[in-house]
Chemist: 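The following block contains the structure, expressed as structure tokens.
None of the values given here were measured: they were computed from a predicted structure.
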Amino acid sequence: GAPPAALAGAAMSEGDRAPPGAVLLEIAWEVCNQVGGIYQVIRSKAPTMVQRWRDRYCLIGPYVEAKAGGEFEERPATGWLRRVVDDLAARGLKVHHGRWLIPGRPTVLLLEHGLPRDRINELKYRIWEHHGIESPGEDALIDGVITFGEAVRMLLGAAWEQWAGRGARGEDDEEGEGGGEGSRERAPAERRVLAHFHEWMAALAIPMIRHEGLPVATVFTTHATTLGRAIAWNDERFYEHLPHLDAAAEAARYNVKTQHGIERAAAHGADVFTTVSFITAEECEHLLGRRPELVLPNGINVERYSVGHEFQTLHAEYKQAIHRFVMGHFFPSYSFDLDRTLYFFTSGRFEPRNKGFDLCIEAMARLNAELRAEDLGVTVVFFVVSQRATRSILPQVLQRRGVLAELREVCEKVTAEVGEQMFRRAAAGERVRLDDLVPEYWALRLRRTMQAMRTWELPPVVTHQLVDEAGDQVLNHIRSVWLVNRPDDPVKIVYHPEFISPVNPLWGIEYEQFVRGCHLGIFPSAYEPWGYTPLECVAMGVPAITSDLAGFGRYVHEVLPDHDQWGLKVLRRRGRSFDAAAADLTQMLVEFCRLRRRDRISLRNDVERHAWEFDWSRLARAYDWAHDLAMAREGAASKK
């Protein structure tokens with residue numbers, strides 16, 4: 001692939017357009033259908049792709065009515081796409097044409113790919129016969145992937161026919177005459193169809209169209225191998241064992257034979273095989289049997305997060321929202337100086353070892369001891385934010401929050417009552433005694449509310465009632481290192497097993513606003529093909545820690561060697577013990593706690609200034625190289 005340094009400086013210019021005569025169809029399971037991280041990649045990249053390809057760019061995904069309603073605006077198709085939609089409708093495949101309601105407003109085709117059971121079984125037999133891919137009798141996800149693959153195969157055939165084949169005679173907005181199903185004769189003007197597939201859920205059409213001989217240039221990007229993720233969950237020395245693994249045996253062991261088979265067939269069938277990071281490229285080489293030709297780093301739409309010079313003001317504003325949560329959670333038991341309190345957090349999918357939650361908790365226990373010994377006078381509140389099955393918010397947590405709200409209301413009423421009287425007496429030169437100004441009713445109510453806040457219980461380390469409290473790895477680890485929120489613990493823990501949102505009664509703010517209010521994001525992953533969480537921190541001017549076992553951390557380490565100096569630390573984990581990594585992470589945290597307020601302000605300025613290094617205007621260049629290479633290879637193959 002291209003050297004990392006080339007990616008760092010390769011910004012796209014306004015006049016840099018796609019190759020003439022080519023149309024790009026980008027296919028993903030998460031188009032208008034948020035499931036995981038691929039949604040963020042596709043969504044944030046779309047404006048940059050539209051800038052380059054304009055109306056010759058189209059996203060393709062499954063039609064999920066419940067999700068499409070809020071993200072997709074259906075519109076009648078025109079030109080060659082109308083002929084594609086009509087052709088597919090005549091063959092029983094309904095296609096919804098419209099725009100995705102995101103920046104860039106890309107054109108989208110959403111496919112109603114469901115099929116009767118007998119047709120699904122026919123497809124499964126054909127996939128086994130042609131590609132050797134086994135599939136279970138009934139599995140909702142795999143059945144959906146198979147029917148979506150067949151729908152995409154049909155769409156690509158129609159797209160080639162109407163854009164590049166005999167059906168493309170004449171202008172785009174003219175009808176033209178379609179060729180037969182087997183016609184592969186190009187239109188007089190050289191036109192090309194390029195299809196870029198993301199992840200195994202969208203990639204089954206690659207071996208299908210290769211078997212059919214359809215002359216479409218293809219790129220396949222795996223963002224993480226299914227098998228690699230499964231093994232890494234259970235093997236602490238995954239990368240050391242990786243070169244010696246029997247992929248087929250491991251796929252059977254972890255019950256991912258179908259997923260692995262589709263991934264492997266797509267990797268070998270694509271004209272160009274790519275992945276998102278150099279560390280995942282190693283995984284692909286050993287588990288899928290083909291090393292990716294190019295690495296396509298995941299960028300971010302920095303403009304979406306950029307607020308100019310306001311980001312420091314917003315940090316202060318949203319820090320106040322976190323202060324309110326902390327007061328409600330901790331102050332009924334005991335108090336500490338909020339002006340000398342730092343807010344650290346980690347977040348992500350509930351994979352405690354892969355995401356580094358276990359390492360974070362261990363480092364916090366060590367930091368607790370270090371801060372006690374050093375007596376910096378600093379309190380750290382560490383939030384673990386993930387998604388778990390819960391019954392409800394803990395009643396005592398809700399009660400504490402409710403009493404705090406009552407106390408705030410009483411204080412505001414007292415202030416309003418006293419303020420005007422104090423102003424008049426002071427203006428008249430009279431002696432002002434505040435106690436004399438507070439009405440007896442409000443003085444009594446204030447006293448009772450303050451008493452209602454007090455409790456002898458320690459603040460809980462978890463905010464919700466977990467469905468499986470006894471088996472929760474994070475909660476058990478927190479308890480095992482005795483981080484139980486004692487008054488003399490400089491490090492406090494809040495395990496929040498639900499993603500933060502405005503509708504959560506404990507917060508009333510967006511997750512992004514929570515991030516802006518924090519001082520440091522900590523993401524020392526043990527397995528992370530890329531990792532958006534530290535990248536989002538950088539985009540919002542928040543210092544962060546990642547690891548060299550995360551694709552993003554590896555990229556930063558290779559491309560931006562001065563990253564430590566401007567607020568993005570990369571923890572060394574590869575080939576090192578858990579204990580050694582915990583010691584290094586603890587030292588990073590101690591150093592951050594030693595910073596003065598002015599130093600933290602300066603660091604946030606440095607972080608925010610470097611955010612543009614990760615904007616899609618720079619990193620999408622790698623996609624351009626992959627697309628050009630795929631068309632060159634398909635073109636050479638079609639001439640043989």
Side-chain angles (χ1 to χ4, degrees), residues 18 22-36 38-115 144-145 147-164 167-168 171-176 178 191 193-199 201-202 205 216 301 304 616 620 623:
V23 64
L24 172 60
L25 307 178
E26 193 159 15
I27 303 134
W29 187 259
E30 296 196 41
V31 171
C32 299
N33 176 36
Q34 184 169 11
V35 178
I38 312 305
Y39 175 90
Q40 167 71 346
V41 176
I42 303 296
R43 187 181 190 278
S44 65
K45 182 170 62 65
T48 305
M49 304 307 291
V50 171
Q51 181 185 342
R52 184 171 198 245
W53 289 85
R54 296 191 175 179
D55 289 338
R56 290 184 286 127
Y57 175 64
C58 181
L59 284 158
I60 297 166
Y63 180 71
V64 181
E65 185 175 5
K67 296 183 180 180
E71 300 200 30
F72 173 72
E73 181 183 61
E74 190 156 2
R75 299 179 181 180
T78 58
W80 72 279
L81 279 178
R82 181 174 61 81
R83 298 196 298 270
V84 169
V85 170
D86 291 347
D87 181 10
L88 293 173
R91 291 191 281 155
L93 176 61
K94 185 172 182 179
V95 179
H96 298 263
H97 172 280
R99 299 279 182 175
W100 195 353
L101 301 178
I102 59 174
R105 295 293 193 271
T107 299
V108 173
L109 298 178
L110 300 180
L111 315 181
E112 289 196 20
H113 58 92
L115 291 173
V145 166
T147 57
F148 183 61
E150 170 67 4
V152 172
R153 180 197 69 79
M154 293 173 62
L155 186 145
L156 290 176
W160 187 90
E161 179 63 30
Q162 301 302 333
W163 175 260
E171 300 299 323
D172 292 353
D173 57 352
E174 294 180 358
E175 283 294 325
R191 288 190 170 192
V193 174
L194 169 65
H196 191 146
F197 300 80
H198 292 267
E199 286 289 78
M201 290 89 75
V216 169
N301 186 355
R304 173 175 173 252
W616 276 118
Y623 276 76

Chemist: With Asp55, which residues qualify under salt bridge (Lys or Arg N to Asp or Glu O under 4.0 Å), at least two apart?
Modeler: none
Chemist: Ignoring hydrogens, what is the shortest heavy-atom contact between Pro47 and Pro103? Give both atom names and the distance.
Modeler: CG-O, 3.2 Å
Chemist: Only counting residues at least two apart or in another chain, list the ones meeting side-chain contact (heavy atoms from CB on, under 4.5 Å) with Glu74.
Modeler: Phe72, His96
Chemist: Tell me every residue that passes ring-ring contact (aromatic ring centres under 6.0 Å, His included) with Phe197, counting only those two or more places apart in sequence or in another chain.
Modeler: none
Chemist: Considering only heavy atoms from C-beta outward, does the side chain of Lys45 approach that of Tyr623 to under 4.5 Å?
Modeler: yes
Chemist: Kindly compute the distance separating CZ (Arg43) from CD (Glu30), expressed to the nearest 0.5 Å.
Modeler: 12.5 Å
Chemist: Applying side-chain hydrogen bond (donor to acceptor under 3.5 Å, both in side chains) as the test, list every pair that has at least one member in residues 61-70; sequence neighbours left out.
Modeler: Asn33-Lys67
Chemist: Side-chain contact test, heavy atoms from C-beta onward, threshold under 4.5 Å: evaluate it for Val23 versus Cys58 and give yes or no.
Modeler: no
Chemist: What's the shortest heavy-atom distance between Ala195 and Leu156, and which atoms?
Modeler: CB-CD2, 4.0 Å
Chemist: Report the residues that fulfil side-chain hydrogen bond (donor to acceptor under 3.5 Å, both in side chains) with Glu150, sequence neighbours left out, ordered by chain and then residue number.
Modeler: Arg126, Arg153
Chemist: If the condition is side-chain hydrogen bond (donor to acceptor under 3.5 Å, both in side chains), which residues does Glu71 pass it with, not counting sequence neighbours?
Modeler: Tyr39, Trp100
Chemist: For the atom pair CD (Glu26) and CD1 (Ile42), what is the distance rounded to the nearest 0.5 Å?
Modeler: 4.5 Å
Chemist: Residues two or more places apart in sequence or in another chain: which of them pass salt bridge (Lys or Arg N to Asp or Glu O under 4.0 Å) with Arg99?
Modeler: none
Chemist: Quick one: does Ile27's side chain get under 4.5 Å of Leu155's, heavy atoms only?
Modeler: no
Chemist: Any idea which heavy atoms bring Phe148 and Ile60 closest together, and the distance?
Modeler: CZ-O, 4.4 Å
Chemist: Can you name the side-chain hydrogen bond (donor to acceptor under 3.5 Å, both in side chains) partners of Asn301, sequence neighbours left out?
Modeler: none
Chemist: Between Pro106 and Ala46, what is the shortest heavy-atom contact and its length?
Modeler: CG-CB, 4.0 Å
Chemist: Quick one: are Val216 and Leu25 in side-chain contact, heavy atoms under 4.5 Å?
Modeler: no
Chemist: Shortest non-hydrogen contact from Arg56 to Ala18?
Modeler: NH2-O, 3.8 Å
Chemist: Are side-chain heavy atoms of Val31 and Leu110 found at a separation under 4.5 Å?
Modeler: yes
Chemist: About how many Å separate CZ of Arg75 and OG1 of Thr107, when rounded to the nearest 0.5 Å?
Modeler: 8.0 Å
Chemist: Among residues at least two apart in sequence or on other chains, which ones pass side-chain contact (heavy atoms from CB on, under 4.5 Å) with Met201?
Modeler: Trp29, Val145, Glu199
Chemist: Can you name the side-chain contact (heavy atoms from CB on, under 4.5 Å) partners of Ala158, sequence neighbours left out?
Modeler: Val84, Asp87, Leu88, Arg91
Chemist: Under 4.5 Å between any side-chain heavy atoms of His196 and Met49, yes or no?
Modeler: no
Chemist: Tell me, please, which residues at least two apart from Arg105 pass side-chain hydrogen bond (donor to acceptor under 3.5 Å, both in side chains).
Modeler: none
